[in-house]
A.B. asks: 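Here it is, the structure in full.
In listed order, ligands and their atoms are each counted from 1.
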Amino acid sequence: MNHWKTIVEPFRIHSVEPVRMTTVDERDAALRTAGNNLFNLHAADVLIDLLTDSGTGAMSRDQWAALQHGDESYAGSPSWFVFLQAVQELFPFRHVIPTHQGRAAEKILFSVIGGPGKVIPNNTHFDTTRANVEATGAQAVDLVIPEGRDPSALHPFKGNMDIGALDAFLAAHAGSVPVVFVTITNNSGGGQPVSLANLHEVRAVCDRHGVPLFLDGCRFAENAWFIKLREPGQADRSIPDIVREIASLADGMTMSAKKDGLANIGGWLAMNDDGLAEACRNLLILTEGFPTYGGLAGRDLEAIAQGLREVVAEDYLRYRIRSTAYLGEALHAAGVPLVRPFGGHAVYLDARALLPHIPPLQYPGQALAVALYREGGIRGCEIGTVMFGLRPDGTETPGPMDLVRLAIPRRTYTQSHMDYVIEVVTYVAARAADLRGYRISQAPPALRHFTARFESL
Ligand code: F0G
């Protein structure tokens, strides 16, 4: 460490992708065509795309080189062994099952261990995790600490599991809980980390009740960096060492390599239990592929293996977490309400607080997300009443919060891109009183946020 304050991106640019400036008139036209749904835009009409950090990062020189090592043998490819070794270096589970992305791992696992009458607790289930649990007839339950549900509560590990609640839950549902999950970092709760101490406590509770513990490890490296920064006694440890301790507490994991695999596609399912692994591999063969490639090409396996070596580098993680905080701190200083502390991969704007004149059922998050695109070509993602407000019986209630997530792709945008985002968000926030709500003019019966059309009120 040194005393300089400027965040230096720990890379220089080797290959560039053009991004296109558009005018407000062009963006108005794009919004009309898209029915004011940012998922319907052509990405070429977006200047800074903060829709997701999933699969949108830049690969390194060494990852592009690794693609050339990709061996496409159907069975037993050398690229499989490179991948396996890189995964087990950090997560030494006995069985590793490659999948095309995280939700494929979820689908396979819950198909085997879920089903009617089962209940699966998590700090907070990500939406695909919840959907895959529920698709089997099982029930998904969120047991994050109370601070994790309050956008403005300051807590260093807001992703922690509520240990008392978990203990009581496992006692009340003895025999019906096939697994306890912990999501690191807790994406749906704002990208908030889970402490090592909390993971040890979860493990102890699981042991007491004889229930296995699995990780949703999508952002494991960011979580480990927060542990190093914030948890007493962890400052001098290496990131791989912290990750291996996290892994040692679990019986298995699901993973999307589109996040902390630094890859554009990929994932895996891992576990120690031989019988469970056999059942999962049988399903894998049905839908993903042979167990030495899963849903991936050999070249993807190589890119992920190299990504896993790069994502635990401290220069990278320092830059990554500082640059997210840079965006959050500047917006906070400008008086924009947001979820604090800032998570690892995203900054979440609190649209309900910024737009008190727009009631939740007129979608303040949608209004803010559309305004950021209209004014500055920035695409964020509503996480609020549009996403969570529709109940299975077709009625609507306000979502728990009305947020706009600005997710930051890895190694993709520079500090001047972020300065521009700060300028646009601050500009829109200053004119918040002029924004109007929306009504939904057309929507599918489920997962409406992806395809609904909106009309301005
Ligand atoms: N678990 C978590 C915590 C996630 O954030 C995601 C994806 C998944 C599982 C599923 O992984 O996309 O590879 O199938 N999150 C993305 C996002 C989509 O935008 O937050 P996947």
A.B. asks: Is there a donor-acceptor pair under 3.5 Å between the side chain of Asn264 and the backbone N or O of Gly55?
C.D. replies: yes
A.B. asks: Do Glu310 and Arg410 meet the salt-bridge criterion of a basic N to acidic O distance under 4.0 Å?
C.D. replies: no
A.B. asks: Classify the ring geometry between Phe454 and Tyr438 as parallel (under 30°), tilted (30 to 60°) or perpendicular (over 60°).
C.D. replies: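 Correct class here is perpendicular.
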A.B. asks: At a heavy-atom distance under 4.0 Å, which protein residues reach ligand 1? Sort them by chain and number, would you?
C.D. replies: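 Ligand 1 pocket, heavy atoms under 4.0 Å: Thr52, Ser54, Gln101, Gly102, Arg103, Glu106, Phe126, Thr128, Thr183, Asn187, Asp216, Cys218, Arg219, Ser256, Lys258, Lys259, Arg405.
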A.B. asks: Can a donor-acceptor pair be found between the side chains of Asp300 and His100 at a distance below 3.5 Å?
C.D. replies: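 Judged by distance alone, the side chains do not pair up.
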A.B. asks: Are Asp142 and Arg149 ion-paired here, with the side-chain N under 4.0 Å from a carboxylate O?
C.D. replies: no
A.B. asks: Of all residues at least two apart in sequence or in a different chain, which pass the side-chain hydrogen bond (donor to acceptor under 3.5 Å, both in side chains) check with Tyr293?
C.D. replies: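 Testing Tyr293 for side-chain hydrogen bond (donor to acceptor under 3.5 Å, both in side chains), a comparison that skips the adjacent residues, returns Tyr74.
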